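One structure is given here, and the rest of the page talks about it.
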Amino acid sequence: MLITLKIGTKIVLNEDVLSNIVSEVCELVLRGEKFIIVSSGAVGLGRKKLNFEGYATLSEKQALSSVGQIELMKLYQKLFGNFGMEVAQILVTYNDLNSRKSFLHLKNTINELLRMNVIPILNENDAVAVDEIKFGNNDILSALVSNTVIADKLIILTDVDGIYKDFGTSRQELIKVVDNVKEVSRFLKGKRFELSTGGMKTKIQAGFICMESGIECIIANGFRKGILKDVLYNGFGTRFVSENKLKSFKDRMLIVFKKKGVIVVDKGASEAIKNKKSLLPIGIVDVKGKFSVGDVVYIANENGDNIAIGITNYSSSEINKIKGKKSSEIGEVLGIRDFSEEVVHVDNMVLV
Ligand code: GLU
């Protein structure tokens with residue numbers, strides 16, 4: 001089984017806890033499991049190294065991360081070295097997953113390392129990653145990497161046992177399984193939730209990305225000893241599951257590529273897409289975001305649920321002009337002679 005393991009800064013800064021996790025990884029590797037680690041902690045360790053306290057500007061954080069990344073790798077090298085295992089460092093930006101070529105190279109490099117019995121340790125290349133080419137955080141990075149390498153599971157370790165129902169009240173009941181995006185998407189909006197859990201929002205988003213391709217994602221408590229075995233064999237944590245099956249290479253690329261906007265469609269078009277038909281302008285009711293021809297976009301129904309991801313044949317401003325129109329009217333409305341009848345062709349689309 002190939003497992004992506006996401007480890008957050010709080011865990012990295014606690015060497016005892018990290019060391020327990022590394023020892024469990026090594027034990028599981030001996031049993032035949034394969035691991036890719038996505039680890040944060042570069043900024044945190046950089047702060048420690050330079051005694052930098054308090055607020056840091058973006059460029060200060062980038063500088064701290066480049067100091068801390070060395071510390072981070074030294075730490076992993078030492079901890080895995082205790083078990084005779086080697087580690088490799090891979091620093092990526094979203095751009096590296098956003099083109100077919102680098103997507104392939106990243107996948108091949110990781111697979112080669114796994115064959116060599118080396119543990120790949122990924123982090124965002126903070127020193128160069130700003131805005132457009134940023135994942136935002138390592139939760140999203142770990143979900144996208146899991147898609148790139150076709151991991152069987154993504155385990156996101158944090159400092160709580162998973163997602164709780166009625167968060168913020170005294171009734172704290174753990175949600176064991178999320179199989180419906182709606183169930184927990186209300187958490188994505190609550191500010192209180194965001195503040196009190198420090199990043200549960202992006203963990204949920206990572207869970208949703210995994211659901212798109214049917215990779216099981218589990219959010220669990222990295223501070224509990226033996227957590228990896230408890231996740232794998234005893235059902236610990238909150239699990240995101242879906243009926244979706246792992247998709248083809250092209251489909252996974254669509255899931256991983258950055259979405260530049262959303263095309264909102266009516267009920268008829270939504271049904272047609274689910275029945276593997278192309279998206280025509282007549283079924284489009286709205287466009288969100290600004291995108292160009294060839295960009296990857298979400299196709300959503302009027303309730304706001306994403307139903308597919310696809311490559312658009314028209315820009316957002318063109319779609320605004322042709323939405324609700326028949327395909328035969330496209331040429332006249334846009335003043336062009338050669339045009340495609342489909343806004344998103346079914347061959348360039350993946351259902352999610
Ligand atoms: N790349 C950042 C670091 O290593 C962390 C980003 C995150 O925590 O999601 O410090």
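This structure is a prediction, so every number in the text was calculated from the model and none was measured.
- Using a 4.5 Å cut-off on side-chain heavy atoms (C-beta onward), Y55 and T57 make contact.
- Judged purely by atom type and a 3.5 angstrom limit, R252 has no side-chain atom pairing as donor or acceptor with the backbone of V149.
- Listed for the E24 side chain is a donor-acceptor partner under 3.5 Å among the backbone atoms of I227.
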Inset, instruction - Could you please spell out the steps behind the side chain to side chain contact (heavy atoms under 4.5 Å, CB included) verdict for S39 and N123? - result: CA-CA 6 Å; S39 180; N123 195 359; 5.9 Å; no
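- Checked against the 6.0 Å centroid criterion, the rings of F249 and F103 qualify as a close aromatic pair.
- Judged purely by atom type and a 3.5 angstrom limit, K259 uses its side chain to pair as donor or acceptor with the backbone of F257.
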Inset, instruction - Given side chain to side chain contact (heavy atoms under 4.5 Å, CB included), test M200 with I219 step by step and report yes or no. - result: CA-CA 9 Å; M200 190 53 86; I219 300 176; 4.1 Å; yes
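- Here the side chains of K203 and T238 are not in contact, with every heavy-atom distance at 4.5 Å or above.
- Counting only heavy atoms from C-beta outward, the side chains of L154 and F240 never approach each other to under 4.5 Å.
- In this structure, a donor-acceptor pair under 3.5 Å is absent between the side chains of N301 and S270.
- No donor-acceptor pair closer than 3.5 Å links the side chain of D251 to the backbone N or O of V350.
- With respect to the salt-bridge test (charged N to carboxylate O, under 4.0 angstrom), the residues E71 and K74 qualify.
- Checked by atom type and distance alone, the side chain of K176 pairs as donor or acceptor with a backbone atom of G235 at under 3.5 Å.
- The closest side-chain heavy-atom distance from V265 to I307 is below 4.5 Å.
- The pair E271-K267 does not meet the salt-bridge criterion, since no charged nitrogen lies less than 4.0 angstrom from a carboxylate oxygen.
- Checked by atom type and distance alone, the side chain of S316 pairs as donor or acceptor with a backbone atom of F291 at under 3.5 Å.
- Of the inter-residue distances, the one linking I36 atom CD1 with I3 atom CD1 reads 10.0 Å to the nearest 0.5 angstrom.
- In terms of heavy atoms, G310 sits closest to V344 at CA-CG1, 3.9 Å.
- Around atom CG of L104, more than 12 heavy atoms belonging to other residues, nucleotides or ligands sit under 6.0 Å away.
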Legend entry - Criterion side chain to side chain contact (heavy atoms under 4.5 Å, CB included) on L5 and L228, from CA distance to verdict: CA-CA 9 Å; L5 180 63; L228 295 180; 3.6 Å; yes
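- At most 12 heavy atoms of other shown residues, nucleotides or ligands fall within 6.0 angstrom of atom NZ in K48.
- Considering only heavy atoms from C-beta on, K153 comes within 4.5 Å of L232 through its side chain.
- We find that K78 and E15 are joined by a salt bridge, their nearest charged nitrogen and carboxylate oxygen being less than 4.0 Å apart.
- Although no hydrogens or angles enter the test, the distance criterion places a donor-acceptor pair under 3.5 Å between the side chain of N137 and the main chain of D139.
- Contact between T148 and K107 at its shortest, heavy atoms only, is O-CD, 3.2 Å.
- Here the straight-line distance linking atom CG of D266 with atom CG of D286 works out to 12.0 Å at 0.5 Å rounding.
- Taking a cutoff of 4.0 Å between a charged side-chain nitrogen and a carboxylate oxygen, D161 and R224 qualify as a salt bridge.
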Inset, instruction - Check the pair Y314, S340 against side chain to side chain contact (heavy atoms under 4.5 Å, CB included), reporting the backbone distance first and the verdict last. - result: CA-CA 9 Å; Y314 292 94; S340 32; 3.8 Å; yes
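- Summarising the geometry of K258 relative to N98, their closest heavy-atom pair is N-OD1, 2.9 Å, with the distance given to 0.1 Å.
- V25 and F83 fall within the same hydrophobic cluster, where Ile, Leu, Val, Met, Phe, Trp and Tyr residues are linked whenever their side-chain heavy atoms come under 4.5 Å apart, directly or through other members.
- The NZ atom of K6 sits 10.0 Å away from atom CD1 of I140, with the distance rounded to the nearest 0.5 Å.
- The CD atom of E60 sits 11.0 Å away from the CD atom of Q62 when rounded to the nearest 0.5 Å.
- Residue E27 places its CD atom among more than 12 non-hydrogen atoms of other residues, nucleotides or ligands, all under 6.0 Å distant.
- S40 places none of its side-chain heavy atoms less than 4.5 Å from the side chain of V12.
- In this structure, N20 contributes its side chain and V17 its backbone to no donor-acceptor pair below 3.5 Å.
- Nearest heavy-atom pair across G44 and T9 is CA-CG2, 4.3 Å.
- Side chain of N244 to main chain of M211: a donor-acceptor pair is present (N/O by atom type, distance under 3.5 Å, no hydrogens or angles).
- Between V287 and N320, the shortest heavy-atom distance links the atoms CG2-OD1, 3.8 Å.
- Remark: K326 NZ is loosely packed, at most 12 non-hydrogen atoms of other residues, nucleotides or ligands lying under 6.0 Å away.
- One finds the CG atom of D16 at 13.0 Å from the CD1 atom of I11 (value rounded to the nearest 0.5 Å).
- Side-chain atoms of Y76 never come within 3.5 Å of backbone atoms of V22 as a donor-acceptor pair (strictly under, hydrogens ignored).
- K225 NZ: 12 or fewer foreign heavy atoms inside a 6.0 Å radius.
- Taking Ile, Leu, Val, Met, Phe, Trp and Tyr as hydrophobic and joining them when side-chain heavy atoms fall under 4.5 Å apart, one finds I282 in a cluster with L280.
- Criterion: ILVMFWY side-chain heavy atoms under 4.5 Å apart, direct or through other members. Under it, V87 and I110 are not part of a common hydrophobic cluster.
- Two residues are said to be in side-chain contact when any heavy atoms from C-beta on lie closer than 4.5 Å; I119 and V29 meet this criterion.
- One hydrophobic cluster holds both I37 and L72 under the rule that ILVMFWY side chains link at heavy-atom gaps under 4.5 Å.
- Across all non-hydrogen atoms, the minimal contact from N306 to A300 is OD1-CB, 3.7 Å.
- When side chains are defined from C-beta on, V346 does not count as touching K277, because their heavy atoms never get closer than 4.5 Å.
- Rounding to the nearest 0.5 angstrom, the gap separating the CG atom in L254 from the OG atom in S213 is 12.0 Å.
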